[in-house]
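Working notes, structure below.
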Amino acid sequence: MNTATDPVLEFLDHHEIAVPIGVLDNELDPGYRTIKRALEELESRGYVERDDEYSSFFSITDRGQAYLHGERDADKD
């Protein structure tokens with residue numbers, strides 16, 4: 001996990017839509033590469049998923065919401 005992990009999850013949780021990495025890059029402070037690395041790890045943990053129709057768009061999963069709201073420990077995933 002890196003400095004973009006929580007901001008990415010918070011953005012996705014707040015907006016409740018699937019967005020491309022470019023939107024996250026425009027809206028969040030961490031740089032593009034940091035956001036990209038965060039998304040890769042979040043996806044591998046099942047905290048975000050790619051949209052079925054637009055594979056470059058990401059949305060938060062129930063598992064990601066549980067982590068964000070303190071109901072899940074990332075160290076155990």
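Both backbone and side-chain heavy atoms feed into the values below; hydrogens, waters and symmetry mates do not.
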Please tabulate, for the side chains in residues 33-42, all donor-acceptor contacts under 3.5 angstrom to protein atoms that are two or more places apart in sequence or on a different chain.
residue, atom, partner, partner atom, Å
Lys36, NZ, Glu40, OE2, 2.8
Glu41, OE1, Met1, N, 2.7
Glu41, OE2, Met1, N, 3.2
Glu41, OE2, Arg45, NE, 3.0
Glu41, OE2, Arg45, NH2, 2.9

Kindly compute the distance separating OH (Tyr47) from CD (Gln65), expressed to the nearest 0.5 Å.
12.5 Å
Value for CG (Asp6) from CG (Leu28), rounded to nearest 0.5 Å, stands at 11.5 Å
To the nearest 0.5 Å, what is the distance between CG on Leu12 and CG on Leu24?
5.5 Å
Applying side chain to side chain contact (heavy atoms under 4.5 Å, CB included), name anything that partners Ser56, two or more places apart in sequence or on another chain.
none
Linking Ile, Leu, Val, Met, Phe, Trp and Tyr through side-chain heavy atoms less than 4.5 Å apart, which residues share a cluster with Tyr54?
Phe57
Sequence neighbours excluded, the answer for ring pair (Phe, Tyr, Trp, His ring centres under 6.0 Å) partners of Phe58 is none
In terms of heavy-atom contacts, Asp25 and Gly31 come closest through OD1-C, 4.0 Å
Excluding sequence neighbours, so at least two apart, what forms side-chain hydrogen bond (donor to acceptor under 3.5 Å, both in side chains) with Glu27?
none
Tell me, do Asp13 and His69 make a side-chain contact under 4.5 Å, heavy atoms counted?
yes
Compare all side-chain heavy atoms of Arg63 with those of Arg72 and state whether any distance is below 4.5 angstrom.
yes
Going by the ring-ring contact (aromatic ring centres under 6.0 Å, His included) test, which pairs reach into residues 14-38, not counting sequence neighbours?
Phe11-His15
Other residues, nucleotides and ligands only: do more than 12 of their heavy atoms fall within 6.0 Å of CG on Asp29?
no
To the nearest 0.5 Å, how far apart are OG in Ser59 and CG in Asp51?
6.5 Å
All heavy atoms of Ala4 vs all of Asn2, minimum pair found to be N-OD1, 2.8 Å
Near Asp62 CG, under 6.0 Å, is it more than 12 heavy atoms from other residues, nucleotides or ligands?
no
Minimal non-hydrogen separation, Pro30 against Thr3, with atom names
CG-O, 4.1 Å
Between the main-chain N or O of Ser55 and the side-chain N or O of Arg50, is there a donor-acceptor pair closer than 3.5 Å?
yes
